[in-house]
There are 2 protein chains.
Amino acid sequence: MDETLLQSGSAGNLVYQQLKQQIVSLELPPGTALSEKETSLTFHVSRTPVRESFVRLAQEGLLLVLPQRGTRVSLIDPDMVEEARFMREQLEKAVVRLACESFPADKLQEMENNLVMQQESMKQLDGKRMFELDEAFHRILFEGVRKMGTWNVIQQMNAHLNRTRVLWLSLDPHWGNLFEQHREMIQAIRSRNADLAERIMKEHLTLSISNLPVLKQRYPEYFK
Amino acid sequence: MDETLLQSGSAGNLVYQQLKQQIVSLELPPGTALSEKETSLTFHVSRTPVRESFVRLAQEGLLLVLPQRGTRVSLIDPDMVEEARFMREQLEKAVVRLACESFPADKLQEMENNLVMQQESMKQLDGKRMFELDEAFHRILFEGVRKMGTWNVIQQMNAHLNRTRVLWLSLDPHWGNLFEQHREMIQAIRSRNADLAERIMKEHLTLSISNLPVLKQRYPEYFK
DNA sequence: ACTTCCATACTACCATACAAGTATGGCAGA
DNA sequence: TCTGCCATACTTGTATGGTAGTATGGAAGT
């Protein structure tokens, strides 16, 4: 434990990261009851750092703290998910337009490399890897236009969005035309076709949302 | 104290809100050194709720916690401010476009009422009141298109943006053509002219940023 | 059988003590 | 005078005991 502790700086931070990972990956499904005491035992730390992580996760909307009653992993709020998608669409459309104006060559190369790895992951049907690569792909885009603050904001909202993506992956581990869209996006940036790039991005980020009603019917206990 | 405590639910939450208000209003200027102990004394609570608020404020980027060294009110990061403005522009342009598609009549009336109050505040040169009304105006817009989650995200980013607005207000308590733009925006929504509305909004949210270099030169110790 | 009440076992919240890292000022020695 | 060391007084991080509010199950009364 000491090793991972040093990595994340403090026990509180470690617990925070671990819990967040477990929540987003649905290892801790929505609605799961937690408690400071219980969690402190499983992580072999005192209640203080646990409480600290609870506060942070509650602020991100991943935990719901009911004073003197208990703490639960928050249910997925469909409206919240749609809004997260909405925000991400607006911001990424604007970012990809910026990329069409100017984009550093090395970052473009990184995206190409990422694309190759995506292809490999698809062949191997490695969903988890594909997930990470997709995220990295978009991250590079933000790095290229130097809007990392924006990316970080998106990441926070994505905690909710990602839970539905994980859920969907469990039903249909199919990555559709994400890869193809990524490829087209690079092309659009290269040819500085902002309108095209924006259109592709919009489609790209509209895909996931159509699944939401299906998921809500399949896992009603996970939704608000 | 008990009164305000009940209002905000818990001591930790109270300290959080008070500190946040003091930071955004520059009552606690950027760079100010704080400590859990010191703050706990001024608020007459223990270190625990203070620490809780520190964690939350640090996550929002308003505090900078250096382990075993101290805690300071974060300096204003010009890049961060510009990104906050960028995000707000993108999101609010999209929202006002939605408003042009459909907008409830009662919310439109609320905006009209708000506009009247703005006019009064301008006559009385009440900057603080004008500030609040401007914020309320935009809030109503988000309420009308039911994108409150988006509004809340913007509010968090605005903590940084608002510090520069407060600073600017101290140099030049002039509200320029904000009022006129608000008026035109209502007109655009009423006539369902999305392109016009978007253009006005863009101008509206571009104004403030031009002042940033001036502010940085005038108050260099407040900036990164 | 049904309702009411209460003991009990939870919960988050808060205060406090201790641990460990860091800045600082003064003192000793060259 | 200048340099290096060290005691000391900070800082945040962690652990723990106690408090008040809440859910729950069983016993007593109707």
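Numbers restart at 1 for each chain; the letters A, B, ... are given by sequence-line order, proteins then strands.
Residues forming a salt bridge (Lys or Arg N to Asp or Glu O under 4.0 Å) with B:Arg165 (at least two apart in sequence, or on another chain): B:Asp134. With sequence neighbours excluded, no residue satisfies ring pair (Phe, Tyr, Trp, His ring centres under 6.0 Å) with B:Phe103.
OP1 or OP2 of D:dG13 sits under 4.0 Å from a side-chain N or O of B:Arg51. Between D:dG13 and A:Ser10, no contact under 4.0 Å exists linking OP1 or OP2 to a side-chain N or O. Distances shown here put every side-chain N or O of A:Thr48 at or beyond 4.0 Å from the OP1 or OP2 atom of D:dG13.
Evaluated for a side chain to side chain donor-acceptor pair (under 3.5 Å) with A:His204, the options A:Lys93, A:Glu92, A:His138 yield exactly one hit, A:His138.
Of all nucleotides listed (C:dC14, D:dT11, C:dT22), D:dT11 comes nearest to the side chain of B:Ser35. Listed nucleotides D:dT16, D:dT11, C:dA12 differ in distance to A:Ser46; the shortest reach to its side chain belongs to D:dT16. The side chain of A:Glu36 approaches C:dA12 more closely than any other nucleotide in the set D:dA23, D:dT14, C:dA12.
Classified by interplanar angle (parallel below 30°, tilted 30° to 60°, perpendicular above 60°), the ring pair A:Phe137/A:His182 is parallel.
Residue side chain A:Arg47 reaches the base of D:dG18 through a donor-acceptor N/O pair under 3.5 Å, judged by distance alone. Residue A:Gln68 places no side-chain atom within donor-acceptor reach of the base of C:dT11, judged by atom type and a 3.5 Å distance cut-off alone.
Put simply, CZ on A:Arg69 is 13 Å from P on C:dC13, counting in whole angstrom units. One can place NE2 of A:His44 at 15 Å from C1' of D:dA15, the figure rounded to the nearest angstrom. Regarding A:Lys37, its NZ atom lies at a distance of 13 Å from the P atom of D:dG18, rounded to whole Å. Between the CD atom of A:Glu52 and the P atom of D:dT12 there is a distance of 12 Å, rounded to whole Å.
Side-chain contact annotation: A:Asn114 with A:Gln118, donor-acceptor N/O pair under 3.5 Å present. At a cut-off of 3.5 Å, with distance as the only test, a side-chain donor of B:Gln109 or B:Asn113 sits close to an acceptor on the other residue.
The residue B:Ser40 sits apart from the nucleic acid: no heavy atom pair falls under 4.0 Å.
With pairs defined as Watson-Crick or G-U wobble and both atom distances under 3.5 Å, the stems of at least three pairs that touch DNA chain C come out as C:1-30 with D:1-30.
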**OP:** Could you give me the CA-CA distance, side-chain angles and deciding distance for A:Ser170 and A:Arg218, then say whether side chain to side chain donor-acceptor pair (under 3.5 Å) is met?
**Re:** CA-CA 11 Å; A:Ser170 70; A:Arg218 175 65 183 81; over 6 Å; no
